[in-house]
Number of protein chains: 2
Amino acid sequence: MREYYTITELTREFGISTRTLRFYEDEGLIAPVRRGRTRLFRPSDRHLIRQILRGKRLGFSIAEIREIIQMYREPPGEVGQLKLMIRRIEEKREELRQKRRDLEETLAELDDAEENCVERLVELGVTT
Amino acid sequence: MREYYTITELTREFGISTRTLRFYEDEGLIAPVRRGRTRLFRPSDRHLIRQILRGKRLGFSIAEIREIIQMYREPPGEVGQLKLMIRRIEEKREELRQKRRDLEETLAELDDAEENCVERLVELGVTT
DNA sequence: CACGGCATTTACGTAAAAGTCAATTTGCGC
DNA sequence: GCGCAAATTGACTTTTACGTAAATGCCGTG
C-alpha cells in the first residue's frame, strides 16, 4: 500500500479533474495533508474518493454524500448522539432500498423494451 | 381507470410543483392534451411522470431520462434503427447494473456503520 | 539558473433543474 | 352572466457542481 498519491495520479485513476478534487476538499469531504502547499493524498483519502464517486453515481448530492461519509466515521461517544446516528443510518438505508426498487423496476422495463425490439426483428425476418 | 387528471391532482399525488410538470412538458418528456389552454393528463402521462421521478431518484439527468423513455416506446420499423436501439438499451442496463453494485456496497457499509453504533451502545451499557 | 511542467489560489462562468413572481386568462359554481 | 379560485405564460432568480482562465509558486534537470 502506497503512502501518498499525488493529485494527478488520482485524477487519472478516477477520471476526474483536479478542480473536482479541490472542490471536494473545499466541501470538506476530503482533507489531504500538505507538504508546503502541495496536497498529498493518503490511501484513506483515496478510499473516500471512491465512496464519493459511488454516491454520485447513485444520484446523491454533495450534502448527502457528506452526511453518508459522516456515518462511516467512528461512532460518537454520547448515547443520545449514538441513537440519533442510528436513526439517520436507518433512514438512509430506507432511501437506498427505495432506489433499489426503482432500479429493479427500470431494469425490468428495459428488459421488456429489449424483448420487444428483438421480437420486431424476428418479425422482419432478421436472424439474430 | 380515470380518463383525465388535472395538473394539481398530479402535483399533489407526486409531491411536485406545477412548474415542474410544465418544465417536463417543455423538455418533451410528457405531452398532455389540451382543452383550451388547460392541460389534461391521461393515465399514460401519469405513468410517464412515475417513470420520470423514478429516473430522477436514480440520479439520471433530464436528457438521460428522455433517452430511457424513448426506449420504452414502440420499437422502430427499420432494422438498423432496431439494432442500434437494442445496443443502447444494453448500455443503459449495464449502467443500471453498475448502480446496483454501488448500491449494494453502500448498503453494506451502512450496515457496518450501524452495527458499530449498536456495539458502542452496548459498551456504554445501554440496553437496546 | 533558466526552463518546463505540475500545483495552487482566486475569481468568474455556466448548464441543469427547477423556484418565484407578476400579469393575464379561464372556467365552474351559483 | 359574474366572481373568484385555479391555471397559464413569460421572465427572472437560485442552487448545485463543477469548468476555465489568469497569475503565481515550487522543483528537478540540463
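Quick note: numbers below take in every heavy atom, side chains included, and nothing from hydrogens, waters or symmetry partners.
One atom, CZ of Phe23(B), and another, P of dC12(D), lie 18 Å apart when rounded to the nearest Å. Following rounding to the nearest Å, Ile65(B) (CD1) and dA18(C) (C1') show an atom-to-atom distance of 13 Å. In this structure, the CG atom of Asp26(B) is 16 Å from the C1' atom of dA15(C), given to the nearest Å. Between Ile16(B) atom CD1 and dA18(C) atom C1' there is a gap of 11 Å when expressed in whole angstrom units. Whole-Å rounding puts the Leu29(B) CG to dA16(C) P distance at 13 Å. Rounded to an integer number of Å, the gap from CZ of Arg34(A) to C1' of dC26(D) is 14 Å. As a whole-Å value, the separation of Phe41(A) CZ from dT8(C) P is 7 Å. For Leu10(B) and dA7(D), the CG to C1' distance is 14 Å, given to the nearest whole Å.
Looking at which nucleotide of DNA chain C each of Thr20(B) and Arg37(A) is closest to, the 5′-most match is held by Arg37(A). If you find the closest nucleotide of DNA chain C to Thr38(A) and to Ala63(B), the one lying nearer the 5' end belongs to Thr38(A).
Note on Asp102(B) versus Lys99(B): no salt bridge recorded, every NZ/NE/NH1/NH2 to OD/OE distance being 4.0 Å or above. Taking a cutoff of 4.0 Å between a charged side-chain nitrogen and a carboxylate oxygen, Glu95(A) and Arg57(B) do not qualify as a salt bridge. Ion pairing between Arg34(A) and Glu25(A) holds under the 4.0 Å rule for side-chain N and carboxylate O. Salt-bridge annotation for Arg93(B) and Glu90(B): present, with a side-chain N of the basic residue lying under 4.0 Å from a carboxylate O of the acidic one. Electrostatic pairing of Arg88(B) and Glu67(B) does not count as a salt bridge here, judged by no charged N lying under 4.0 Å from a carboxylate O.
Side-chain proximity of Arg35(B) to dT8(D), dA17(D), dC28(C): nearest is dC28(C). Residue Ser61(B) has its side chain nearest to dA17(C) when only dA7(C), dA18(C), dA17(C) are considered.
Gln98(A) and Arg101(A) share a side-chain donor-acceptor pair at under 3.5 Å. Thr8(B) and Thr11(B) share no donor-acceptor pair across their side chains, judged by distance under 3.5 Å alone.
Considering only side-chain N and O atoms, Thr18(A) lies nowhere under 4.0 angstrom from the phosphate OP1 or OP2 of dC6(C). In this structure, Tyr24(A) does not reach the dA17(D) phosphate: none of its side-chain N or O atoms is under 4.0 Å from OP1 or OP2. Dashed line: the shortest gap from a side-chain N or O of Thr6(A) to OP1 or OP2 of dC6(C) is not under 4.0 Å. Remark: Arg22(A) is in phosphate contact with dT8(C), judged by side-chain N or O atoms under 4.0 Å from OP1 or OP2. Between Lys56(B) and dA18(C) there is a side-chain polar atom (N or O) within less than 4.0 angstrom of OP1 or OP2. Side-chain nitrogen and oxygen atoms of Arg39(A) include at least one within less than 4.0 Å of the OP1 or OP2 phosphate oxygen of dT8(C).
In the hydrophobic clustering of this structure, Leu84(A) does not group with Met71(A); members are Ile, Leu, Val, Met, Phe, Trp, Tyr whose side-chain heavy atoms approach within less than 4.5 Å, directly or through other members.
The base of dT20(D) sits within donor-acceptor range of the side chain of Arg19(A), with an N or O pair under 3.5 Å.
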Scan nucleotides 3-6 of chain D against the protein and return all N/O pairs shorter than 3.5 Å with their distances rounded to 0.1 Å.
none

